[in-house]
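Scroll down for the structure; my scribbles are underneath it.
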There are 2 protein chains.
Amino acid sequence: MIKNKSLTTRDIIFQASVELFSSKGYHGTSIRDITGKVGIKESSLYNHFIGKEAILDAIMDYQMDVFNKAVKALEKLKFTDADNITDPVKFWMTGADEFLKYMDPLSELITQILINEMFLNQKCRQFYLNTMLLSQKKLVKTIFTEMRRKGMIKDCDIEKTASQYVYMLQGLEIENKLRAMEGEKTGKIQKHLFEQITLFIQGMKK
Amino acid sequence: MIKNKSLTTRDIIFQASVELFSSKGYHGTSIRDITGKVGIKESSLYNHFIGKEAILDAIMDYQMDVFNKAVKALEKLKFTDADNITDPVKFWMTGADEFLKYMDPLSELITQILINEMFLNQKCRQFYLNTMLLSQKKLVKTIFTEMRRKGMIKDCDIEKTASQYVYMLQGLEIENKLRAMEGEKTGKIQKHLFEQITLFIQGMKK
DNA sequence: GTCTATAACTCGATAGAC
DNA sequence: GTCTATCGAGTTATAGAC
């Protein structure tokens with residue numbers, strides 16, 4: 001959607017809603033906020049979405065698509081490019097990059113919306129649990145299984161270890177995002193993230 | 001506050017607000033919701049709080065107090081009761097229990113409010129980063145340091161490992177809370193939590 | 001400290017002209 | 001598909017009687 005330069009009004013409403021919902025919250029964002037940002041009147045919005053909730057539904061459909069594509073792609077991947085890599089940290093980073101290809105800035109904001117709403121909205125809660133968290137665990141498990149097959153990491157409960165990794169990464173990313181919002185330098189944040197990932201993967205080394 | 005049976009109107013408003021903010025969100029909760037639950041008229045609320053935001057401020061002050069007390073108590077603790085414990089997992093659980101003494105059901109709900117609001121409200125974001133997350137890391141570090149001193153765990157970067165533990169526990173607790181809201185049985189949830197903590201602490205064993 | 005009454009405003013949504 | 005105009009309900013907050 002982002003690559004397409006001829007955006008429809010619906011697309012522009014969608015994008016503006018993602019930005020506003022993520023920064024002001026779903027309840028904190030009014031139809032007036034959205035249409036004001038888009039440059040149309042409130043009533044015009046109803047030609048594209050039947051109501052405010054329909055926008056949130058569309059946002060979750062979009063995110064579901066992103067994750068489904070990423071999971072499918074990584075499961076098909078043969079890791080042939082990484083055949084010559086023996087260092088687990090390097091191998092991990094290669095796999096993680098493959099996944100990040102499917103994430104766009106919109107997806108990142110949608111994740112933020114889901115965290116904002118998961119305790120408040122059942123649809124968001126179920127999506128977070130059954131799609132987002134599940135996909136992330138699947139993706140991590142896929143790479144860990146491949147690393148185990150290659151004998152790069154020691155024997156462990158891959159299911160539980162993948163869960164731990166997802167929780168850790170989520171915690172790190174939330175903290176980093178919040179620190180960035182508070183004006184902390186991204187360089188320091190990136191370094192911190194890399195160090196923590198390295199520590200985790202090295203702990204799995206043989 | 002909970003133990004005191006002669007609650008003031010202000011206390012009842014406070015408690016009702018915590019419950020409503022955590023389940024419906026700050027923006028999703030109206031003054032009418034709060035006063036309706038308390039059993040007073042909207043206007044009466046303004047005799048106890050200057051406005052809606054002042055209630056949220058009071059909630060954060062309360063949580064700050066809870067964490068400050070927990071950190072102070074654990075830092076003073078001499079771990080004498082745990083002298084005869086040699087198993088790291090058992091030692092850890094004893095220390096974690098000490099911390100849990102200071103948490104009440106209200107504190108748990110306030111944590112939920114903070115997660116809901118951390119991306120939306122700067123005061124909540126700063127409180128989450130500088131008080132809650134920092135206190136939790138301090139608490140974990142205190143116990144890990146004691147375990148290291150006793151030679152129960154291998155040499156490691158305690159600062160980073162404590163961060164990883166906090167992230168993991170937070171991720172687990174969020175997922176568990178969400179699953180409980182979706183009707184999953186608490187027994188299964190508790191078992192899962194215990195297994196993950198055990199796996200983490202055992203990974204630190206000598 | 002509680003109440004009634006109400007101000008002043010914003011909310012999501014609709015009807016109907018163009 | 002956009003607009004103007006408007007609705008009814010809900011929002012925080014205040015004034016003033018008791």
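Every chain is numbered from 1, with letters handed out A, B, ... down the list of sequences.
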Scoring nucleotides 11-18 of chain C by protein non-hydrogen atoms under 4.0 Å (B base, S sugar-phosphate only, - none) yields BBBBB---
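- Residues that satisfy the side chain to side chain donor-acceptor pair (under 3.5 Å) test with K138(B), not counting sequence neighbours, are absent from this structure.
- In this structure, the CG atom of L7(A) is 17 Å from the C1' atom of dG1(D), given to the nearest Å.
- Take R148(B) and apply the side chain to side chain donor-acceptor pair (under 3.5 Å) test, not counting sequence neighbours, and it matches D155(B).
- Side chains of T111(B) and Q63(B): a donor on one and an acceptor on the other come within 3.5 Å.
- Side chains of E117(A) and Y128(A): no donor on one and acceptor on the other come within 3.5 Å.
- As a whole-Å value, the separation of I34(B) CD1 from dT12(D) P is 8 Å.
- Ring geometry for Y165(A) against F200(A) counts as perpendicular: the plane angle is over 60°, on a 0 to 90° scale with 30° as the lower cut.
- When distances are taken from the side chain of H48(B) to each of dC3(C), dG1(C), dG1(D), the shortest belongs to dG1(C).
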